[in-house]
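Encoded as C-alpha cells, the structure appears first; notes follow it.
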Amino acid sequence: MTSTSDYLQNLKNLRSGLLDEVERIIYANENEIIKLNIQKIEDGQGSDGNSLKNDDSRYTGRYTIGTNLLRPEKKAGALYTFFETGTFLGNFQVEVLPSLTQIEIFSTGTGSGLKADFFKGYKNMFGLTVQDQKKLNYDIIYPDLMQFVNKYIWYSKKKNT
C-alpha cells in the first residue's frame, strides 16, 4: 500500500524529470521538427507567418529571368528553393536552450561571404509558426510526455494494489 508520502515523493521525482524528458523528446523528434520549418521555407513562408523576405534588396526571394537563362530548372518568378548545394537544408539542427523550455532551429550550412550575407538578410527564416508551435507542443511533445507522466502515476497505482 502506498502512503501519502510515497505519492508525494513520486510526484517530486516526476516534477524533477519533466524538463529533461521534454528535452529528450525534442531531440528524438528533431527531424520531424526540422521538417515543419523546411516545409514553410519551401512554401515561401517565414516563422512569423508572413512571406519570407530578405532585408537585402539584392534578393527578391524569386528567381529572375537572368537566373532562368543560366539555370533553366529555376523558372523566373518561382520562389527560391534553397536546394542549390544541399548544404543549407541538409544541415538544419534543433537545439534546446539552457532553460529547457525553448528551442532554436538553425542551419550550419549558411556558408560565408556572400552566401552568409544572403542568409543573414532573412530575419524570419528559422523557427516555427504559431500553428507549427502548436503541432510541436500538442502532437509531438504532449503524447510522449503523457507516457512519461503515466509511468509515475501507474507506478503509484500499482504500489496501491
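Values below: all heavy atoms of this structure, side chains included; hydrogens, waters and symmetry mates excluded.
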Shortest non-hydrogen separation from [X] to [Y] and the atoms involved:
X: Gly46; Y: Leu52; result: CA-CD2, 3.7 Å
X: Gln93; Y: Thr108; result: NE2-CG2, 3.7 Å
X: Gly111; Y: Ala116; result: O-CB, 3.4 Å
X: Glu104; Y: Leu97; result: OE1-CD2, 3.9 Å

If only atom types and distance count, is the side chain of Asn54 paired as donor or acceptor with the main-chain N or O of Lys123 below 3.5 Å?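 Checked: no pair found.
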Backbone N/O of Gly127 and side chain of Asn37: donor-acceptor pair under 3.5 Å: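 Confirmed, Asn37 side chain pairs with Gly127 backbone.
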Return all side-chain donor-acceptor pairs below 3.5 angstrom for residues 17-27, not counting sequence neighbours, or 'none' if the list is empty.
| residue | atom | partner | partner atom | Å |
| --- | --- | --- | --- | --- |
| Glu21 | OE1 | Arg24 | NE | 3.3 |
| Glu21 | OE2 | Arg24 | NE | 3.1 |
| Glu21 | OE2 | Arg24 | NH2 | 2.8 |
| Tyr27 | OH | Val96 | N | 2.9 |

Between Lys40 and Asp43, is there a side-chain N and carboxylate O pair less than 4.0 Å apart?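 Judged by the 4.0 Å cut-off on N to carboxylate O distance, Lys40 and Asp43 do not form a salt bridge.
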Shared hydrophobic cluster, [X] / [Y] (ILVMFWY, side-chain heavy atoms < 4.5 Å):
X: Leu89; Y: Leu79; value: no
X: Ile141; Y: Leu14; value: yes
X: Ile103; Y: Phe106; value: no

[X] vs [Y] side-chain heavy atoms within contact, under 4.5 Å:
X: Thr129; Y: Asp48; result: no
X: Gln131; Y: Leu136; result: no
X: Ile41; Y: Tyr122; result: no

Go through it in stages, so that I can follow the logic: the residues are Leu36 and Ile105, the test is side chain to side chain contact (heavy atoms under 4.5 Å, CB included), and I'd like the CA-CA distance, side-chain angles, deciding distance and then a yes or no. CA-CA 11 Å; Leu36 293 172; Ile105 301 173; over 6 Å; no
Under 4.5 Å side-chain heavy-atom separation, chaining through any Ile, Leu, Val, Met, Phe, Trp or Tyr, what else clusters with Ile65? Say none if it is isolated.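 Result for Ile65 is Leu69.
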Specify whether Tyr59 and Phe118 have parallel, tilted or perpendicular ring planes, treating 30° as the upper limit for parallel and 60° as the lower limit for perpendicular.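 Ring orientation, 0 to 90° scale: perpendicular.
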Can you classify the ring geometry of Tyr138 versus Tyr142 as parallel (below 30°), tilted (30 to 60°) or perpendicular (above 60°)?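 Rings of Tyr138 and Tyr142: tilted, 30 to 60°.
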Just checking, is any N or O donor in the side chain of [X] or [Y] under 3.5 Å from an acceptor N or O on the other one?
X: Gln133; Y: Asn137; result: no
X: Thr87; Y: Lys115; result: yes
X: Ser107; Y: Thr110; result: no

Spacing of [atom1] belonging to [X] relative to [atom2] belonging to [Y], to within rounding of 0.5 Å:
X: Leu8; Y: Arg15; atom1: CG; atom2: CZ; answer: 8.5 Å
X: Leu114; Y: Arg58; atom1: CG; atom2: CZ; answer: 6.0 Å
X: Lys74; Y: Asn68; atom1: NZ; atom2: CG; answer: 10.5 Å
X: Ile33; Y: Asp132; atom1: CD1; atom2: CG; answer: 11.0 Å
X: Glu32; Y: Lys135; atom1: CD; atom2: NZ; answer: 9.5 Å
X: Asn124; Y: Phe126; atom1: CG; atom2: CZ; answer: 10.5 Å

Would the Tyr63 and Tyr80 ring centres measure less than 6.0 Å apart?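 Between Tyr80 and Tyr63, which both carry aromatic rings, the centre distance is below 6.0 Å.
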Under 6.0 Å between ring centres: does that hold for Phe88 and Phe82?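 Yes.
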Show the numbers, then the answer: is there a side chain to side chain contact (heavy atoms under 4.5 Å, CB included) between Glu42 and Gln39? CA-CA 5 Å; Glu42 290 174 343; Gln39 181 60 54; 3.8 Å; yes
